[in-house]
Amino acid sequence: MNSLLSSISKEENEALTEFITSIINDKMLNEIQKLMFDQHFYCRFLKAHNFDVAQAKVQLKLYLQWRKDQNVDTILVSTYTYPLTTPYS
């Protein structure tokens, strides 16, 4: 099975580079996301939008906002405390 990155054209690879550079320059990612997301991740957004960088960037912004709204990147450091209960109360 070929990976998505090995099957893209030179022009698509240039769009990928432009997309990633734009994301970095606009400081769209937090530190966790910078570590988690790779070229394959970004390429999927581009492929979904026929390698249109502007459209892919809009979709990525929506995705990042959803992650923020749902506390996806901070779920393991939640400050929720469970109420104390007694058995059969």
Side-chain angles (χ1 to χ4, degrees):
M1 183 166 90
N2 289 335
S3 80
L4 180 59
L5 291 174
S6 65
S7 64
I8 63 175
S9 70
K10 181 180 177 184
E11 293 81 15
E12 292 168 340
N13 192 43
E14 289 170 359
L16 177 59
T17 301
E18 178 186 342
F19 186 51
I20 293 171
T21 301
S22 175
I23 291 164
I24 292 168
N25 289 342
D26 290 351
K27 299 178 180 170
M28 290 174 59
L29 306 176
N30 66 33
E31 295 303 314
I32 293 170
Q33 293 162 345
K34 287 178 188 176
L35 296 172
M36 288 179 15
F37 303 154
D38 60 5
Q39 284 187 330
H40 190 267
F41 173 84
Y42 300 120
C43 195
R44 289 188 349 234
F45 277 89
L46 283 169
K47 186 162 177 75
H49 296 284
N50 296 318
F51 287 85
D52 182 316
V53 173
Q55 286 182 359
K57 193 170 177 182
V58 168
Q59 188 65 42
L60 178 63
K61 283 181 183 179
L62 292 171
Y63 172 72
L64 294 173
Q65 186 60 49
W66 176 85
R67 288 182 70 89
K68 184 177 180 182
D69 294 345
Q70 301 302 318
N71 297 315
V72 171
D73 296 326
T74 59
I75 197 162
L76 295 178
V77 291
S78 173
T79 57
Y80 180 78
T81 54
Y82 295 93
L84 295 175
T85 59
T86 58
Y88 310 105
S89 55

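Just so it is clear, the structure is predicted and the values come from calculations on it, not from any experiment.
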### Message
List the residues meeting side chain to side chain donor-acceptor pair (under 3.5 Å) with Asn30, not counting sequence neighbours, and say none if there are none.
### Response
Asp73
### Task
Would you give the length of the straight line joining atom CG of Leu16 to atom SG of Cys43, rounded to the nearest 0.5 angstrom?
5.5 Å
#### Entry: Approximate separation, where rounding is to 0.5 Å, of Met36 CE and Glu31 CD
12.5 Å
#### Entry: Side-chain touch Ile8/Leu46, heavy atoms, less than 4.5 angstrom
no
### Message
Suppose we screen for side chain to side chain donor-acceptor pair (under 3.5 Å). Which residues come up paired with Arg44, at least two apart in sequence or across chains?
### Response
none
### Task
Nearest 0.5 Å please: distance from the CD atom of Glu12 over to the CG atom of Leu4.
8.5 Å
### Summary
Taken to the nearest 0.5 Å, the spacing of Gln65 CD from Met28 CE works out to 10.5 Å
#### Entry: Cluster link Phe45 to Val58, ILVMFWY, side chain under 4.5 Å
no
### Task
Evaluate the ring planes of Phe37 and Tyr63, with Trp represented by its six-membered ring, and classify them as parallel (under 30°), tilted (30 to 60°) or perpendicular (over 60°).
tilted
## Note on the structure
The reported gap from OG1 in Thr21 to CG in Asp26 (rounded to nearest 0.5 angstrom) is 10.5 Å
### Task
Could you grab the distance from atom CD of Gln33 to atom CD1 of Ile23, nearest 0.5 Å is fine?
10.5 Å
### Query
With a 4.5 Å heavy-atom cut-off, do Lys10 and Glu14 have their side chains touching?
yes
